[in-house]
Amino acid sequence: MPELIPGLAGVPAAESAVSFIDGQKGLLAYRGHPIQVLAERSTFQEVAWLLLYGTLPKRAEFDGFREQLGTRREIPERMYDVIRALPGNGHPMDALQACMASLGMFSRHTDFRDASTADEAITRILAAMPVMVAAFDRIRGGEDVVPPRPELDTAANFLWMLTGEEPDELAARVLDVALILHADHTMNASTFAARVVASTEADPYTVVSSAIGALTGPLHGGANERVLDQLRDIGEAESVEAWVDGQVAAKKKIMGFGHRVYKVKDPRADILQGLAIDLFEKLGRTPLYDTAVTLEDEVVKRLGDKGIHPNVDFYSGIVYSKLQIPIDLFTPVFAMARTAGWLAHWREQMVDNKIFRPAQVYAGVHDAEYVPIDER
Ligand code: COA
């Protein structure tokens, strides 16, 4: 009988060249490029290409990709009917999952092994994600959908569609960097889900909608919403110490801390913390930031030896709320970014694909007797 490894911790599920993490050193790289360099010098759209196709794009390649990402924001008109039919008080992640599955129904293609069909689907999916998130938010708020603008980058267009206001340059750049930071992260739960579905040769819309479902959980993408709720519950920085004592004594998890792979501070948390500070300089400091910094100190003091440090979700909520993104859109924003990684893994899975069919350790009974219903 094979040994069961809960959560498949440490078990390789695929060979991948998309991203790399060294959890002891706090290193994350996409296709060999350290995340710090990409956050400083690249854009989300360029990073998406890098993840998908393996190298930094040449000028002509990038211009074509960027143009398609812009024009393919025009989703089928009936997609807006789909969004209007969804309950406005439902979670936007559920809406996004339903929208992605629906969008796939408008695709006439079946052979996604054909390179140009695959490329077309990739830009349609990447372009549609932010459009569907923003449209759901506008429609549930009783507002008109703001038409997309093809000339804007992904982040700037999203802020434009969300608010109908010309996006602030710093706000757009900060969101763009946040998208870069969330674009891929090796074999996490949603990427694994994407690869399992990809291995059945399902279409990429189904692959992405399945991954969106996997990202909803509070132990994965859903944690960023909980972090902000947690900071609001704690309140002032002075209340942090007693609150942390209570959580540790009760052995309760503190949201935004801990990671299966990182045993030091997540490098993305450092970059997001820097972005939060940049935003405060321009838009004013938020009191929750002081609470967050004190919380980091107090948690690391008590649990740092166990490798518990802030993860990517810890500062992302503070950044997003400063950008006036509603709390329940935090995870959809994560999904908008991670779609680049999911699709890169979909492409990779398609090469030498073998359908996932793991084993199990059977823990049930054998030779059970069938007793007729009235005799049980
Ligand atoms: N707060 C307090 N203690 C934590 C903790 C946290 N956020 N994360 C882990 N620990 C402790 C556990 O209680 C456990 O302690 P024990 O050995 O005394 O029982 C130990 O650290 C190992 O935790 P475990 O949950 O087994 O680690 P994991 O690798 O399976 O889980 C996470 C990783 C991310 C699921 C986990 O750290 C977590 O739930 N974090 C909070 C949610 C979150 O921020 N998720 C976003 C991830 S990017």
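Keep in mind that this is a model prediction, so the values were computed, not measured. What's counted below: heavy atoms across the whole structure, side chains too, no hydrogens, waters or symmetry copies. Residue numbers count from 1 along this sequence. Whatever order the structure lists ligands and atoms in, that order sets their numbers, starting from 1.
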Looking only at distances, can you tell me whether any N or O atom of [X], backbone or side chain, sits closer than 3.5 Å to an N or O atom of ligand 1?
X	value
Arg260	yes
Ile254	yes
Lys263	no
Phe257	yes

Expected output: side-chain [X] to main-chain [Y] donor-acceptor under 3.5 Å:
X	Y	result
Trp342	Ala335	no
His109	Asp111	no
Asp114	Thr117	yes
Lys306	Arg302	no
Gln97	Ser209	yes

Report task. Give the ring-plane orientation class for His182 versus Tyr320, where under 30° counts as parallel, over 60° as perpendicular and anything between as tilted. Result ->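 The arrangement is tilted - the two ring planes meet at 30° to 60°.
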Requested in this report: Anything under 30° is parallel, anything over 60° is perpendicular, the rest tilted; go ahead and classify Phe356 against Phe192.
Outcome: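 Rings of Phe356 and Phe192: perpendicular, as their planes differ by over 60°.
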Test item: protein heavy atom less than 4.0 Å from [atom]:
atom	value
atom 40 (N) of ligand 1	yes
atom 44 (O) of ligand 1	yes
atom 8 (N) of ligand 1	yes

**Report entry** Which of the ligand 1 atoms, numbered from 1, are nearer than 4.0 Å to a heavy atom of Gly256
**Finding:**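 Near Gly256, the atoms of ligand 1 are 43 (C), 44 (O).
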Report task. Below 4.0 angstrom from a heavy atom of Ala223, which ligand 1 atoms are there? Numbered from 1 as shown, please. Result ->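 Within the 4.0 Å cut-off of Ala223, ligand 1 contributes 43 (C), 44 (O), 45 (N), 46 (C).
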Which bit of [X] is near ligand 1, meaning a heavy atom under 4.0 Å away: side chain, backbone, both or neither?
X	result
His259	both
Val227	neither
Asn311	side chain
Ile308	side chain

Tell me, which protein residue and heavy-atom name are nearest [atom], and how many Å apart are they?
atom	result
atom 3 (N) of ligand 1	Leu303 CD1, 4.0 Å
atom 14 (C) of ligand 1	Lys306 NZ, 4.1 Å
atom 48 (S) of ligand 1	Asp313 OD2, 3.6 Å
atom 5 (C) of ligand 1	Lys253 CD, 3.5 Å
atom 42 (C) of ligand 1	Met255 SD, 3.7 Å
atom 34 (C) of ligand 1	Gly258 O, 3.6 Å

Query raised in the report: Are side-chain heavy atoms of Phe65 and Pro57 found at a separation under 4.5 Å?
Result: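 A side-chain contact is absent here, since even the closest heavy-atom pair is not under 4.5 Å.
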Query - Worked verdict on Leu329 versus Leu162 for side chain to side chain contact (heavy atoms under 4.5 Å, CB included) - result: CA-CA 11 Å; Leu329 293 194; Leu162 211 54; 3.7 Å; yes
Query raised in the report: Is the count of non-hydrogen atoms from other residues, nucleotides or ligands lying under 6.0 Å from Arg66 atom CZ greater than 12?
Result: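 Yes, CZ of Arg66 has more than 12 neighbouring heavy atoms, counting only those of other groups under 6.0 Å.
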Query - Atom CD of Glu169 with >12 non-hydrogen neighbours under 6.0 angstrom - result: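 No, not enclosed.
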Query raised in the report: Does the ring centre of His220 sit less than 6.0 Å away from the ring centre of His185?
Result: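 That pair fails the under 6.0 Å test.
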